[in-house]
Amino acid sequence: MSTLLKVENIETYIGQYHILQGVSFEVKKGEVTVLLGRNGAGKTTSLRSIMGLTPPSSGKIIYKGEEIQGLPTFKTADKGIGYVPEDQGIFGDLTVEENMKVAMRKQDVETKDRMNWIIDLFPDLKKFWKKAGGNLSGGQKQMLSIARAYLNDNDLILIDEPSKGLAPIVVEKVMESIVEMKERTTILLVEQNFIMASKIGDRFYIIDDGKTVHDGQMEMLVKDDDMKKKYLGIA
Ligand SMILES: Nc1ncnc2c1ncn2[C@@H]1O[C@H](COP(=O)(O)OP(=O)(O)OP(=O)(O)O)[C@@H](O)[C@H]1O
Ligand SMILES: [Mg+2]
């Protein structure tokens with residue numbers, strides 16, 4: 001399978017803090033790659049580094065064979081990389097419909113097709129179409145945030161902890177949507193919910209203290225209790 005994104009030994013500072021100290025991973029086309037690691041390990045900063053929100057000071061980020069490290073965020077997004085941030089980033093004063101429209105990069109037939117598919121996928125969004133984003137439940141906000149990234153013609157979507165703070169039934173729904181999305185695009189997922197991560201992930205990377213420490217096929221990690229205990233704090 002071909003490599004869509006390659007992150008090569010990136011180092012990222014936030015202010016004077018040396019947060020990423022050598023993060024490397026590859027995302028293969030058509031797969032779900034999962035970044036795992038404890039709280040504060042550097043997972044969000046890795047995604048933000050790709051998006052140019054916290055640009056790396058060294059190392060390379062290669063997307064479709066082209067170096068993109070340090071590009072402004074809008075240019076990275078224009079290359080077809082969607083981002084679902086940890087805090088969802090919904091506009092509270094805008095309705096669901098307006099949030100979707102603001103996110104829409106094109107108004108072509110394909111985008112309209114994707115819009116119809118998204119509405120089928122998340123019927124709640126249609127139900128609350130005219131409701132302000134700020135008045136949605138946590139689960140609805142997460143769905144809206146994911147829907148915005150699915151709307152555009154993205155070849156890669158970065159999703160940061162979509163299950164965080166959600167009720168199990170909503171987690172299930174979010175998971176189903178990622179499984180469906182996998183048929184259409186490639187996904188880089190940060191997820192602490194190991195059951196979810198192991199069900200939908202093909203390949204994993206563990207980040208610890210700002211460094212990549214392990215990687216492999218997801219089924220290998222599922223069987224490796226020592227590694228799960230050491231780096232993820234789960235037995
Ligand atoms: N704005 C900031 N200023 C200073 N330190 C920061 C800032 N943002 C993040 N950090 C630190 O960088 C480290 C990595 O944070 P990051 O958010 O990438 O971790 P994470 O793996 O996503 O954690 P979590 O699982 O809690 O979301 C943490 O130690 C965090 O405290
Ligand atoms: Mg995080």
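Quick note: numbers below take in every heavy atom, side chains included, and nothing from hydrogens, waters or symmetry partners. Numbering of ligands and ligand atoms starts at 1, following listing order.
Against a heavy-atom cut-off of under 4.0 Å, Glu86 is close to the following atoms of ligand 1: 27 (O). Each of the atoms 25 (O) of ligand 1 lies under 4.0 Å from some heavy atom of Gln192.
Residue Asn154 forms a side chain to side chain donor-acceptor pair (under 3.5 Å) with just one option from Arg184, Arg105, Arg114, and that option is Arg105.
Summary of contacts: the protein heavy atom closest to atom 4 (C) of ligand 1 is Tyr17 CD1, 3.8 Å. The closest protein non-hydrogen atom to atom 26 (O) of ligand 1 is Asn39 ND2, 3.1 Å. The shortest contact between atom 25 (O) of ligand 1 and any protein heavy atom is with Lys43 NZ, 2.8 Å.
When heavy-atom distances to ligand 1 are checked against a 4.0 Å cut-off, Ile14 comes that close only through its side chain, counted from C-beta outward. Contacts between Thr45 and ligand 1 below 4.0 angstrom, taking non-hydrogen atoms only, involve backbone and side chain alike. Within the 4.0 Å heavy-atom criterion, the part of Arg38 lying near ligand 1 is the backbone and not the side chain.
Taking the six-membered ring for Trp and the full ring otherwise, the centers of Tyr205 and His214 sit at least 6.0 Å from each other.
Here atom 12 (O) of ligand 1 lies nearest to Ile19 when heavy atoms of Thr44, Ile19, Thr12 are compared. For atom 14 (C) of ligand 1, the nearest non-hydrogen atom from the set Gly40, Ser46, Ser49 comes from Gly40.
Defined by atom type and a distance below 3.5 Å, a donor-acceptor pair is missing between the side-chain atoms of Ser57 and Glu11. Between the side chains of Gln69 and Glu67, at least one donor N or O sits under 3.5 Å from an acceptor N or O.
A distance of 4.5 Å separates OG in Ser24 from CG in Asn9, rounded to the nearest 0.5 Å.
At least one donor-acceptor pair under 3.5 Å links the side chain of Asn99 to the backbone N or O of Phe91. Here the side chain of Ser198 pairs a donor or acceptor atom with the backbone of Phe194 at under 3.5 angstrom.
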Applying side chain to side chain donor-acceptor pair (under 3.5 Å), run through Ser49 and Thr12 and close with a yes or a no.
-> CA-CA 7 Å; Ser49 296; Thr12 299; 3.0 Å; yes
Evaluate salt bridge (Lys or Arg N to Asp or Glu O under 4.0 Å) for Arg203 paired with Glu26, printing each intermediate quantity in order.
-> CA-CA 9 Å; Arg203 173 163 276 279; Glu26 269 184 47; over 6 Å; no
Please lay out, stage by stage, how Lys182 and Asp202 fare under the test salt bridge (Lys or Arg N to Asp or Glu O under 4.0 Å).
-> CA-CA 11 Å; Lys182 197 184 159 180; Asp202 295 296; 3.1 Å; yes
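Residue side and main chain included, Asn39 places no N/O/S atom under 2.8 Å of the Mg ion (ligand 2).
For atom 29 (O) of ligand 1, a protein heavy-atom neighbour is present inside the 4.0 Å cut-off.
Under a 4.0 Å heavy-atom criterion, Glu161 is in contact with ligand 1. Using a 4.0 Å heavy-atom cutoff, Gly15 is absent from the residues neighbouring ligand 1.
At least one N/O-N/O distance between Gly42 and ligand 1 falls below 3.5 Å. For a threshold of 3.5 Å applied to N or O pairs, the pair formed by Lys164 and ligand 1 contains no separation below that value.
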